[in-house]
Amino acid sequence: MNYNFKKIEAKWKEKWEQSKLFKTNISTQKKFYVLDMFPYPSGAGLHVGHPLGYIASDIYSRYKKLKGFNVLHPMGFDSFGLPAEQYAIATGKHPEKTTKENSEKYKSQLKNIGLSFDWDRELKTSDYKYYKWTQWIFTKLYNSYYCNIDNKAVPIEELIKEFEKNGNNSIDSPCDVNTPNFDAKDWNNWSEEKQQKMLLKYRLAYLANTMVNWCEDLSTVLANDEVKDGLSVRGGHIVTQKKMNQWVLRITAYADRLLEDLNKIDWPNSLKEQQRNWIGKSSGLNISFNTDKNLNIPVFTTRPETIFGVSFLVLSPEHELINKLCTQNQKEKIEKYQLNCSKKSELDRISNINSISGEFTGSYAIHPFSNEKIPIWISEYVLSNYGSGAIMAVPAHDARDFKFAKKFKIKINQVIKNKTIVKEEPYLEKEGKLINSFFLDNLTVSQATKKIINLVSEKNIGSISINYRLRDAVFSRQRYWGEPFPIYYKKNVPYLIPENELPLILPSIDTYLPTKNGEPPLARAKNWKYKNEYKFEYSTMPGWAGSSWYFIRYLDPNNNDKFVGDKELNYWENVDLYVGGAEHATGHLLYSRFWTKFLHDLSLIPFDEPFKKIINQGMILGESSFVYRINGENTFVSYNLKENYKTTQIHVDITLVEKNILNIEGFKKSRPEYNNAKFICENTKYICGKSVEKMSKSFFNVVNPDKIIEQFGADSLRMYEMFLGPLTQYKPWNTDGITGVFSFIKRFWNLFHVNQTFSISEEAASDEENEILHETIHKIQKDIESFSFNTCVSSFMISVNKLKKINCNKRDILEPLIILLSPFAPFICEELWDKLNPGQSVFNAGFPNYHDKYISKSAINYPIAINGKKRLNLIISDEVSKKDLEDLVLANKKVVQLTAGKMIEKIIIIPGKIINIVAINQNQ
RNA sequence: GCGGAUAUGGUGGAACUGGUAGACACGCUAGAUUUAGGAUCUAGUGCCGAAAGGCGUGUGGGUUCGACUCCCUCUAUCCGCACCA
């Protein structure tokens, strides 16, 4: 019988689906939770790069199952999002419809690959049965504040009780910067409206004015990557910065815990490092500078010891004191500068390092220790939302301050001794002794830092302060295709929709555009009011809302009474292995940790980290092909002749290229403008150029897995994806190479067949055969556990090649080998297992154990090296003593020949590894 | 600018804690076989050289009996973040 993968794969796909082989339930076994990052179902479907991580996690899941674990391995879709909405705007099709079509397509592609997902647990974020609970979590955030004393989130009722008793005087909790002090009397006298406004300043979900990229012509808000050089990418409309009242989540309250707890999870270091940098904790000192206008300017510095090096202050262009500091003759310039900055997006403002700009306010600060006059400037390199929005500039010891001082010819005071000439370049190290610093002179940096901190607090002009780079997370989107907020407004004050009235269903609207007066699309919904009276919130939640907790919902996806059942939660707990791309480092992975910690604080879940271990898979890159068109002509010149002309490089669809040779007829037909194209060829062939880049529709280099499966089968696709290289690395796809694993699979099949007939021997295995088997078991187990799947495939090839050579078809050997291979190539293994053990599934078998006695060998093929360079091999029994070994080696003819005329200085014997003879020339 | 990774044949890659560099494949060369298929099998294939031998893991140095592996220098490519005071 020939290996007919089409028949085999179709058969088992159906059988597994019918028998619900991959359905999981709570049991008494040990659990293991394997999760893939949530895909967004795009209209283009899967390409060959997408399933890389899914195949890896599938192999690991199946391995864990064979090892006796109860494995949870679910899949679903992050189905809210911008592309579906934009498609809806363009075509009028409801995003729900396209989302459904796209996820069905994804699902069928994933099933073709033979991934062992429990599809009964499938979920979609856009399903109201799911987003009911996303809304519910929002109500919990809204109804909580963060207590710094307990260091956790606490229900807002506790805060109200405290306000009623003592006002907010003894509250230690992050809140709005403009929160006034009040006592119980004030609180109890306030109207409900005023009380609600005060509470909003403390909630973990609160309203705040935040800057957005506003596009007047489109009357909508744009994302950073939709804006370039102050214009919208689509259409080139002017984009300005505008403040907008939006929902914000107080993630900064968790900054320290998010940072600290990185130490207790098994994530790649680079990922942890990215989160650390994103949170960006830095400790320093807040110091107040008085000014000639008698105003206090607080500045934040991490280098307080350089206080005597300050030669100017810089405020951010939005700083609230600028109006008061700005003198009459500087006013015009300052206002012009401020206006200029407001036109730039934050991204533009900070991306241009080399153009230094700023304006002098006309005012001076007074140095708190030397009483010197210090000019006050404004510049866009100081950000209003970090620290206090103002800095003390020390050009001798800070790179940006240095550039600024050079440009505006401000003096540069060196205060730390070093060989660097600070007139030419700044000295940035925190090493050396202080100079020009009065009472700090001759102290080291750390001594001076301590001393200045003490003095500043004694003088009552500043205090130690910890700053985070992390900002609170804006949670509103002016879009249609997202979760509606369970919020309505009464007298402009937000109120929650009661829990028992959730979900608040996303209403239908006629068109998905914002309204003419700039309200989000939901303002178009007809008769959409709470109790027919109160306006709902019109913005929707961002894409990351649904993906911040989906891993919890998988435990109990169909529960209509709770977001997850207790039994399920306590059995499955958090994710043991999470596989996905590193690009989510500071988005999804941080928000999920935040929500997990929050839910844990309210005792809703028993764990406070979502993902115990993460593996980042690398990307599979595509190989793009190019043709070269002579500028101004419809003539294409072959790759090696293109230097003779001025040409433009154009992507050509890789399906029209084989072994770098262009299918000219196909190319002509591909686009009307190529119909009459001419070609300058090399030996009648047109050679294309190529390069490796991201696999993308726009580069015409995508390879569809369905086509690969059609030609070689899913088992070959799975094994080839793993064989390409280490899971975590970036690597190019090359379809030609798949023939290697395809013929391996056929060779494996042929082990079970003699003259095309299924044939298996019941004879006992020989030592040689056992050796092959047990070495393979050992290697496969080790490599799966270290996620080295590429070397697993090599070992399978090696052992099958060896077994083929000795024509082994013994059950004792082949049966365990099927189990070993089944996580990688499930279809063929199930088929062969079924022939050996009719009616049983290989996935209910146990992973075989290896025996050391077959792995250790008594004779060693010793490599013999002379001066570290291997020269020959000698087979020597491991019972030979060291002394005998030396004699044996020195007596060898080849050794004698190679060491002739040299003196043998010593012999190094590393047992079981190598023998090295150190020989030196005698005449030297 | 800062941070992180990576660099090994024509190509993808292997080499466990310093111990045989190039496993396993693709490609290529030669041959066998065949119902001409993107089939199967055999042998060869790092580079230079007729051979002996020499040279080889991005560059230059160092430690070591021995370095792809450890240390220093430089270079290139990719990725991430955006002036974080």
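Computed from a predicted structure; not experimentally measured. Here is the naming used below: chain letters follow the sequence lines, and residue numbers restart at 1 for every chain.
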- Nearest nucleotide by nearest heavy atom, which residue falls closer to the 5' end of RNA chain B, A:Glu273 or A:Asn790?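 The residue mapped nearer the 5' terminus is A:Glu273.
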- Task: By nearest nucleotide on RNA chain B, pick out whichever of A:Val793 and A:Val918 is the more 5' one.
- Result: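 Result of the comparison: A:Val793.
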- When you check the gap from the basic side-chain N to the acidic O, do A:Glu273 and A:Arg276 get nearer than 4.0 Å?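 Between A:Arg276 and A:Glu273 there is a salt bridge, with a charged N closer than 4.0 Å to a carboxylate O.
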- Query: Hey, is A:Asp398 close enough to A:Arg303 for a salt bridge, meaning N to O under 4.0 Å?
  - Reply: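 Salt bridge absent between A:Asp398 and A:Arg303.
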Which nucleotide sits closest to the side chain of [X]: [options]?
X: A:Leu383; options: B:C83, B:C81, B:A25; result: B:C83
X: A:Lys731; options: B:A82, B:G12, B:C41; result: B:G12
X: A:Trp278; options: B:G38, B:A82, B:G19; result: B:A82
X: A:Arg469; options: B:C84, B:G38, B:G19; result: B:C84
X: A:Ser743; options: B:A85, B:A14, B:U40; result: B:U40
X: A:Ser794; options: B:A23, B:G12, B:C84; result: B:A23
X: A:Gln274; options: B:C65, B:G80, B:C84; result: B:G80
X: A:Thr302; options: B:A82, B:G12, B:A85; result: B:A85
X: A:Val382; options: B:G4, B:C41, B:A85; result: B:A85
X: A:Lys906; options: B:G12, B:G38, B:C65; result: B:C65

Just to be sure I understand the rule, does [X] reach a base, reach only the sugar-phosphate, or reach nothing, if contact means heavy atoms closer than 4.0 Å?
X: A:Ile798; value: sugar-phosphate
X: A:Leu724; value: sugar-phosphate
X: A:Phe796; value: nothing

Pairing check on [N]: which nucleotide meets the Watson-Crick or G-U wobble criteria with it, both distances under 3.5 Å?
N: B:C2; value: B:G80
N: B:C74; value: B:G58
N: B:G9; value: none
N: B:U40; value: B:A32
N: B:G22; value: none
N: B:A67; value: none

- Query: Looking at A:Ser465 and A:Phe300, what are the two nearest heavy atoms and their distance?
  - Reply: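 Here A:Ser465 and A:Phe300 meet closest at O-CE1, 3.6 Å.
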- Item | Nearest atoms (heavy-atom pairs only) where A:Met392 meets A:Leu313 |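 Shortest heavy-atom separation between A:Met392 and A:Leu313 comes out as CA-CD2, 3.6 Å.
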Considering only atom [atom1], compute the distance from [N] to [M] and round it to an integer number of Å.
N: B:C28; M: B:G10; atom1: P; result: 16 Å
N: B:C83; M: B:G61; atom1: C1'; result: 37 Å
N: B:A39; M: B:A32; atom1: C1'; result: 14 Å
N: B:C68; M: B:A23; atom1: C1'; result: 15 Å
N: B:A30; M: B:A15; atom1: C1'; result: 31 Å
N: B:U69; M: B:A51; atom1: C1'; result: 34 Å

- Message: Rounded to the nearest 0.5 Å, what separates atom OG in A:Ser316 from atom CD in A:Gln338?
- Response: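 Taking OG in A:Ser316 and CD in A:Gln338, the distance rounds to 9.0 Å.
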- Message: Looking at A:Arg469 and A:Ile279, would you say the former's side chain and the latter's main chain have a donor-acceptor pair under 3.5 Å?
- Response: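 Judged by distance alone, no pair lies under 3.5 Å.
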Return no unless some side-chain N or O of [X] is found under 4.0 Å from OP1 or OP2 of [N].
X: A:Lys746; N: B:U40; value: yes
X: A:Ser795; N: B:C24; value: no
X: A:Arg400; N: B:C84; value: yes

- Taking the chi torsion of B:G31, is it syn (within 90° of 0) or anti (everything else)?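 Anti, angle beyond 90° from zero.
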- Item | Neighbour count >12 (heavy atoms, 6.0 Å) for atom NZ, A:Lys804 |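 It does: A:Lys804 NZ has more than 12 such atoms within range.
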- Task: Spell out yes or no: do the side chain of A:Gln729 and the base of B:G13 have one donor N/O and one acceptor N/O closer than 3.5 Å?
- Result: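 Not at all, since no donor on one side and acceptor on the other fall under 3.5 Å apart.
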